Enquirer: 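If you scroll down you'll find the structure; I have some questions about it.
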Amino acid sequence: MSRRRHRISRSGDFDAVYRKGTSSAGRHLVVYTFARGDDEPARLGLSVSRRVGGAVDRNRVKRVVREQFAALDPAPPDGIDVIVIARPSVMAYLQERGSEALGERLMELVGEATKNAAP
RNA sequence: CGUGCAGGCCUGGCGGCCGCGAGUCGGCAUGACCGGCUCGAGGAAAGUCCGGACACCACAGAGCAGAGUGCUGGCUAACGGCCAGCGAGGGAAACCUCAGGGAAAGUGCCACAGAAACGACACAGCCUCAGGAGCCUCGGUUCCUGCGGCAACGGUGAAAUGGUGCGGUAAGAGCGCACCGCGGGUCCUGGUGACAGGCCCGGCUGGGUAAACCCCACUUGGUGCAAGGCCAAACCGGAGCGUUACGGACUGCUCGUCCAGUUCCAGGUAGGCCGCAUGAGGGUCUCGGUAACGGGGCUCCCAGAUAGAUGGUCGCCCACGACAGAAUCCGGCUUAUGGCCUGCUGAAUCA
RNA sequence: UCCUCGGUAGCUCAGCGGCAGAGCAUCCGGCUGUUAACCGGAGGGUCGCAGGUUCGAAUCCUGCCCGGGGAG
């Protein structure tokens, strides 16, 4: 499977998710979701600002989030766009608790956001 | 042994499993697919402080101003970099540091203190002589005034008109001498040169600050790969200014050349390809050079992403390893940081 | 990717070679029955950091660190 195809790459798509989607915020991550309404696989977008850390730390955060997103169980439904925003405290959490703990937080937030969008 | 100094090197390795980017080969269910093989971050990729390559701006122009550099010789595509020297300063030493041209071209500044801070002259003061007054042991001594002589002495200060010693004198003074310092020379020797050593002259003719203005020498057009080029898509309405002018082509000025438009409002596109990785390239051998570096032979192809790829986990090696992630590409500088090796020093401390 | 501006008292800023200042805030005293206002006084600073030039640096020079703004 292609990772690239499952990413949000155009700024217009980002704007659509921010404007029309629903959000759910945690201490270290913020998740936006938006149902496009087609049957393509779910896509992921990432936003990691300089406040998180240097280039090495930011790459690590993006890598971990992508891995954990691909391993989500249950997997997010088709036709959905998900944007994950990293907050500045995420590096400290990652070093303290590890990538799997961050995956659990991600699953909670994604579930919450999709539930909010459903009704 | 520890300490200090200098130089060089590396940036965990091997194996298993899961996962990512690019290239290439193959498969068929031709796709935004699957499989095999190969390659896949750094010494600083960083800060963006210099220098180039490359691209466009006029054919990349001229002059001034502005800006930058500043011991000598060399290296380099170039540099504010590097190498080798010279001089000055620091250290016990190994060794380190230095924007290190010009102050008799001119201007400015030198607070406070101090007699005086740029011209030196005055002030304060010292001395001979003359006159007057007092004291008096009648030889002198003190004070005042005057004609002269002098520049040693001056509670300062970062800095005070060469320093120390001897002679000399009424008191003194490079006035004379010795040593040290300073300045000068169509001078001599060595060196490509900075400069060093010597000789002779001047007896001294006065400071500091140019990382103050400045003078001198040399360098210097601007913007930056989101440069720039091509393709596709969309909008292709209205108003004003101008049409020998203004405006634009780096900021200021002058000249010259070129461009035909340009400003505001409204509306619209912000997708793909090239640039984009074979280069002042790396490795190794050899020759020249003290070295930086250069010549030649052989050999290798070594990241090219575009919401942006290198990680996770397990085992072993004594060890989680430090700083940290390419975005047009090179040469440097600076800063952050873990470890290893080699050589040198002998102050203090320990033995 | 690149270009700019700034860092001085708790806050906002001035000072650009010679003992570091103003306003607001804080504290103390006065006024008032009390508070505010007002009056008088006091404390508070590695001038972002490190070198250098100078007799002397917040000021001049060089290199860093941390913020703010802008262009495409």
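The structure presented is a predicted model; accordingly, all values stated were derived computationally and were not measured.
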Enquirer: Lys62(A) versus Asn59(A): any side-chain heavy-atom pair under 4.5 Å?
Expert: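 Yes. Closest side-chain heavy atoms under 4.5 Å.
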Enquirer: Are side-chain heavy atoms of Val82(A) and Phe69(A) found at a separation under 4.5 Å?
Expert: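 The answer is yes; the side chains approach within 4.5 Å.
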Enquirer: Send over the distance from Leu44(A) CG to rA309(B) P, rounded to a whole Å.
Expert: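 For the pair Leu44(A) CG and rA309(B) P, the rounded distance is 13 Å.
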Enquirer: Would you classify rA211(B) as syn or anti? Syn applies when the glycosidic angle is within 90° of 0.
Expert: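 You should classify rA211(B) as anti.
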Enquirer: In Watson-Crick or G-U wobble terms, both distances under 3.5 Å, what is the partner of rG40(B)?
Expert: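 Base partner found: rC20(B).
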Enquirer: Expressed in angstrom and rounded to an integer, what is the separation of Arg58(A) atom CZ from rA326(B) atom P?
Expert: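 Between P of rA326(B) and CZ of Arg58(A): 9 Å.
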Enquirer: Rounded to whole Å, how long is the line connecting atom NZ of Lys62(A) with atom P of rG325(B)?
Expert: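 Value for this atom pair: 13 Å.
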Enquirer: So what does Arg60(A) hit on the nucleic acid, given a heavy-atom distance under 4.0 Å: a base, only sugar-phosphate, or nothing?
Expert: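 Sugar-phosphate contact only - Arg60(A) comes under 4.0 Å of backbone atoms but never of a base.
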Enquirer: Starting at CD of Glu67(A) and ending at P of rG311(B), how long is that distance when rounded to a whole Å?
Expert: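 To the nearest whole Å, that distance equals 11 Å.
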Enquirer: Syn or anti for rG43(B), given that syn means the glycosidic angle lies within 90° of 0?
Expert: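 Syn, since the glycosidic angle lies within 90° of 0.
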Enquirer: Just how far, in rounded Å, is P of rA309(B) from CG of Leu46(A)?
Expert: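 Computing the Leu46(A):CG to rA309(B):P distance gives 10 Å.
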Enquirer: Begin with the C-alpha distance, continue with both residues' side-chain angles, and end with the deciding distance and a verdict on side-chain hydrogen bond (donor to acceptor under 3.5 Å, both in side chains) for Tyr93(A) and Arg27(A).
Expert: CA-CA 10 Å; Tyr93(A) 185 78; Arg27(A) 183 175 295 278; over 6 Å; no
Enquirer: For the C1' atoms, the ones on rG7(B) and on rC302(B), what distance do you get once it is rounded to whole angstrom?
Expert: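 Result for the C1' pair: 29 Å, nearest Å.
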Enquirer: Please test Leu94(A) against Met91(A) for side chain to side chain contact (heavy atoms under 4.5 Å, CB included), starting from the C-alpha separation and ending with a verdict.
Expert: CA-CA 5 Å; Leu94(A) 203 56; Met91(A) 263 320 287; 4.3 Å; yes
Enquirer: Name the pairing partner of rU97(B), where a pair is Watson-Crick or G-U wobble with both distances under 3.5 Å, or state none.
Expert: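 Pairing partner: rA88(B).
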Enquirer: For Tyr32(A) and rA307(B), give me the distance from atom OH to atom P, rounded to whole Å.
Expert: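 The distance from OH of Tyr32(A) to P of rA307(B) comes to 21 Å, rounded to the nearest Å.
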Enquirer: Run through Val110(A), Leu102(A), Leu109(A) and flag the one making a side chain to side chain contact (heavy atoms under 4.5 Å, CB included) with Leu106(A).
Expert: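 Answer to the side chain to side chain contact (heavy atoms under 4.5 Å, CB included) test with Leu106(A) among Val110(A), Leu102(A), Leu109(A): Val110(A).
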Enquirer: Just the rounded figure in Å: distance from P of rG311(B) to CD of Gln68(A).
Expert: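 The answer, rounded to whole Å, is 17 Å.
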Enquirer: On a whole-Å scale, what distance lies between the P atoms belonging to rC5(C) and rG224(B)?
Expert: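 Here rC5(C) and rG224(B) have their P atoms 15 Å from each other.
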Enquirer: Tell me which nucleotide, if any, is Watson-Crick or G-U wobble paired with rC177(B) when both distances must be under 3.5 Å.
Expert: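 When the pairing criteria are applied, rG165(B) turns out to be the nucleotide that pairs with rC177(B).
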Enquirer: Is it the case that atom CD in Glu100(A) sees more than 12 heavy atoms from other parts of the structure closer than 6.0 Å?
Expert: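 Counting neighbours around CD of Glu100(A), 12 or fewer heavy atoms of other residues, nucleotides or ligands fall under 6.0 Å, so no.
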Enquirer: Looking at rU54(C), which nucleotide sits across from it as a Watson-Crick or G-U wobble partner, both distances under 3.5 angstrom, or is there none?
Expert: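 Pairing partner, where one exists within any strand: none, as none qualifies.
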Enquirer: Syn or anti for rC258(B), taking syn as within 90° of 0?
Expert: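 With its glycosidic angle more than 90° from zero, rC258(B) counts as anti.
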Enquirer: Check the phosphate of rU310(B) against Arg63(A), side-chain N and O only, distance under 4.0 Å to OP1 or OP2. Yes or no?
Expert: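 For rU310(B), OP1 or OP2 has a side-chain N or O of Arg63(A) closer than 4.0 Å.
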Enquirer: Taking the P atom of each, how far is rC225(B) from rC231(B), in whole Å?
Expert: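 Here rC225(B) and rC231(B) have their P atoms 24 Å from each other.
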Enquirer: How far, in whole Å, is rG43(B) from rU284(B) if one measures between their P atoms?
Expert: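 Each nucleotide's P atom is 15 Å from the other's.
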Enquirer: Would you mind pulling out the nucleotide paired to rA22(C), Watson-Crick or G-U wobble, both distances under 3.5 Å?
Expert: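 Across all strands, the one nucleotide that pairs with rA22(C) is rU12(C).
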Enquirer: With rounding to the closest Å, how many angstrom separate the P atoms on rG12(B) and rC285(B)?
Expert: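 My reading of the P atoms in rG12(B) and rC285(B) gives 26 Å.
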Enquirer: Suppose we define a pair by two distances each less than 3.5 Å, Watson-Crick or G-U wobble; what does rG6(C) pair with here?
Expert: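 For rG6(C), the partner nucleotide comes out as rC66(C), under the 3.5 Å rule.
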Enquirer: In whole Å, what separates the C1' atom of rG40(B) from that of rA211(B)?
Expert: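 Those two atoms are separated by 49 Å.
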Enquirer: Suppose you measure atom P in rG181(B) against the same atom in rA94(B); what distance do you get, rounded to whole Å?
Expert: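 To the nearest whole Å, 25 Å.
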Enquirer: Say you pick atom P in rG70(B) and the same atom in rG288(B); how far apart are they, in whole Å?
Expert: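 Taking atom P in both rG70(B) and rG288(B), they lie 37 Å apart.
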Enquirer: Heavy atoms from C-beta onward define the side chain here; which of rG308(B), rA324(B), rA326(B) lies closest to that of Val56(A)?
Expert: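 Nearest to the side chain of Val56(A) among the choices is rA324(B).
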Enquirer: Please assess Tyr32(A) against Ser47(A) for the test side chain to side chain contact (heavy atoms under 4.5 Å, CB included), listing each intermediate value before the final yes or no.
Expert: CA-CA 11 Å; Tyr32(A) 279 77; Ser47(A) 175; over 6 Å; no
Enquirer: Report the base-pairing partner of rG29(C) (Watson-Crick or G-U wobble, both distances below 3.5 angstrom), or none.
Expert: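 Its partner is rC39(C) (Watson-Crick or G-U wobble, both distances under 3.5 Å).
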Enquirer: Paired with rC316(B): which nucleotide, if any, by Watson-Crick or G-U wobble criteria at under 3.5 Å for both distances?
Expert: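 Looking at the geometry, rC316(B) pairs with rG13(B).
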Enquirer: When the distance from CG of Asn59(A) to P of rG21(B) is rounded to whole Å, what number comes out?
Expert: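 For the pair Asn59(A) CG and rG21(B) P, the rounded distance is 15 Å.
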